[in-house]
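Basis for what follows: all heavy atoms, side chains included, without hydrogens, waters or symmetry-related copies.
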Amino acid sequence: MAKPGYTLCALSADDKDAVIDFLRRFFFRDEPLNQTINLLETPESRCLELEDYAASTLHDGVSVAAIDDNGDFVGVVINGIVKREDVDYTDKSEECPHPKFKRILKLLGHLDREARIWDKLPKECHTVMEVRIASTHSGWRGRGLMRILCEESERIAREVGAGAMRMDTTSAFSAAAAERLSYRSVYGILYKELSYAPHPPPPHLEARVYIKEL
């Protein structure tokens, strides 16, 4: 029997509803930080702030999906473009009305401020592509699909003139994936060192920031 096939496609803001539906089924509920604080309390629960955050860079036109032969998403990588001249280390979590998701945003802000990736990149690097969310359909895991999506993200990054990639990892699984893709860790902190942060169980003990020069 032939293996099911897939094709890669670019994502745009028009795909927001389909992307959020996919992430609700295969990412939001399983992500360790979300699980630890019970962000989605029932199978029907939604966190609109999380959904808006997840979709906020689709308009950059640099995100990518894998679609199976039936036209359904089987993997997505949500990317975003950041510029050196637009750096802003203010705490965005203060604007979030959702008390649980606010804790996660505060953690992400801490990573951004402390990693200071621009100090670790060549001065001629003015554009970075961030891998913000990566998720695969549970039935497609273990087939190398995420590597292909991340390699396609790197191709797009070069195409738009990015000098580096960035990936913030909040689980041991995503950290291992970053290292398999030859990213290097430039900052890490144990969750127990941040009182406000979710404290997921082992092996998810640390949040890290990775970069990869292109």
Side-chain angles (χ1 to χ4, degrees), residues 23 27-28 30-37 50 53-54 56-57 60 62-64 76-94 96 101-135 146-147 149-151 153-154 156-158 160-214:
L23 294 177
F27 181 78
F28 291 161
D30 297 335
E31 200 282 327
L33 295 185
N34 296 349
Q35 276 193 335
T36 298
I37 58 176
L50 169 60
Y53 172 84
S56 63
T57 59
D60 288 346
V62 292
S63 299
V64 62
V76 299
V77 174
I78 309 300
N79 299 310
I81 294 293
V82 292
K83 301 279 190 179
R84 185 184 288 269
E85 61 266 27
D86 296 332
V87 63
D88 178 8
Y89 292 128
T90 58
D91 186 358
K92 311 298 190 305
S93 69
E94 293 305 314
C96 180
F101 188 56
K102 183 174 184 174
R103 295 172 61 189
I104 294 175
L105 284 182
K106 192 172 182 69
L107 167 66
L108 297 177
H110 172 93
L111 295 178
D112 198 32
R113 286 189 302 277
E114 297 301 319
R116 295 193 174 269
I117 64 164
W118 299 107
D119 296 341
K120 299 173 173 69
L121 291 168
K123 294 216 177 338
E124 59 270 22
C125 176
H126 292 278
T127 304
V128 167
M129 180 185 283
E130 294 181 332
V131 179
R132 302 176 82 243
I133 293 178
S135 179
M146 188 51 61
R147 171 177 285 277
L149 286 166
C150 287
E151 289 174 348
S153 295
E154 289 184 26
I156 294 170
R158 292 187 176 93
V160 300
M165 306 283 292
R166 169 180 177 159
M167 190 185 303
D168 292 7
T169 66
T170 56
S171 77
F173 305 141
S174 54
E179 292 175 7
R180 285 196 299 270
L181 292 164
S182 300
Y183 282 68
R184 64 183 176 93
S185 176
V186 294
Y187 179 74
I189 189 165
L190 295 172
Y191 289 118
K192 67 181 181 182
E193 296 180 29
L194 299 174
S195 60
Y196 60 81
H199 294 173
H204 314 296
L205 303 179
E206 184 178 12
R208 294 181 182 176
V209 177
Y210 286 87
I211 58 176
K212 181 179 184 178
E213 293 183 38
L214 300 175

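In this structure, Tyr187 and His110 have tilted ring planes: the angle between them lies in the 30° to 60° band.
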Stepwise side-chain contact (heavy atoms from CB on, under 4.5 Å) check, Phe101 with Ser93: CA-CA 8 Å; Phe101 188 56; Ser93 69; over 6 Å; no
CA sep, side-chain torsions, deciding dist, call: Met165, Val131, side-chain contact (heavy atoms from CB on, under 4.5 Å): CA-CA 7 Å; Met165 306 283 292; Val131 179; 3.7 Å; yes
side-chain contact (heavy atoms from CB on, under 4.5 Å) assessment of Phe173 paired with His204: CA-CA 8 Å; Phe173 305 141; His204 314 296; 3.4 Å; yes
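In this structure, Leu214 and Glu154 have side chains that are in contact, with non-hydrogen atoms separated by less than 4.5 Å. With contacts defined as side-chain heavy-atom distances shorter than 4.5 Å, the pair Leu33/Ser171 does not qualify. For the pair Ile189/Leu111, a side-chain contact is recorded, criterion being any heavy-atom separation below 4.5 Å from C-beta on. Side-chain contact between Ile211 and Val128 is absent, with no heavy atoms from C-beta onward closer than 4.5 Å. Side chains of Ile78 and Thr57 form a contact here, defined as non-hydrogen atoms less than 4.5 Å apart. Tyr210 places none of its side-chain heavy atoms less than 4.5 Å from the side chain of Leu181.
Of all heavy-atom pairs spanning Arg84 and Leu121, the tightest one is NH2-O, 3.8 Å. The heavy-atom pair separating Gly80 from Asp60 by the smallest distance is CA-OD2, 3.5 Å. Residues Met129 and Ile156 come closest through the heavy atom pair CE-CG2, 3.8 Å. Between Pro200 and Leu205, the closest heavy-atom pair is O-CD2, 4.2 Å. Considering every non-hydrogen atom in both Lys120 and Glu213, the closest pair reads O-OE2, 4.3 Å. Closest approach of Val76 to Leu149, counting heavy atoms only: N-CD1, 4.0 Å.
Of the inter-residue distances, the one linking Arg113 atom CZ with Asp91 atom CG reads 5.5 Å to the nearest 0.5 angstrom. Atom CG of residue Leu50 and atom CD of residue Glu31 lie 9.0 Å apart, to the nearest 0.5 angstrom. Within the model, atoms OG of Ser174 and OH of Tyr183 stand 12.0 Å from one another, a figure rounded to the nearest 0.5 Å. With rounding to the nearest 0.5 angstrom, the OG atom of Ser185 is 7.0 Å from the CD atom of Glu206. The CG atom of Asp88 lies 8.5 Å from the CG atom of Asp112; values are rounded to the nearest 0.5 Å. Atom-to-atom distance recorded for Arg208:CZ and Asp168:CG is 12.5 Å, nearest 0.5 angstrom.
The side chain to side chain donor-acceptor pair (under 3.5 Å) search around Ser63 returns none, not counting sequence neighbours. Ser56 meets the side chain to side chain contact (heavy atoms under 4.5 Å, CB included) test with Arg132; sequence neighbours excluded.
Judged by distance alone, the side chain of Lys106 and the main-chain N or O of Tyr196 form no donor-acceptor pair under 3.5 Å. Between the side chain of Tyr191 and the backbone N or O of Thr170, at least one donor-acceptor pair lies under 3.5 Å. Looking at Arg180, its side chain never comes within 3.5 Å of a backbone N or O of Arg147 through a donor-acceptor pair. Using a distance-only test at 3.5 Å, with no hydrogens or angles considered, a donor-acceptor pair links the side chain of His199 to the main chain of Leu194.
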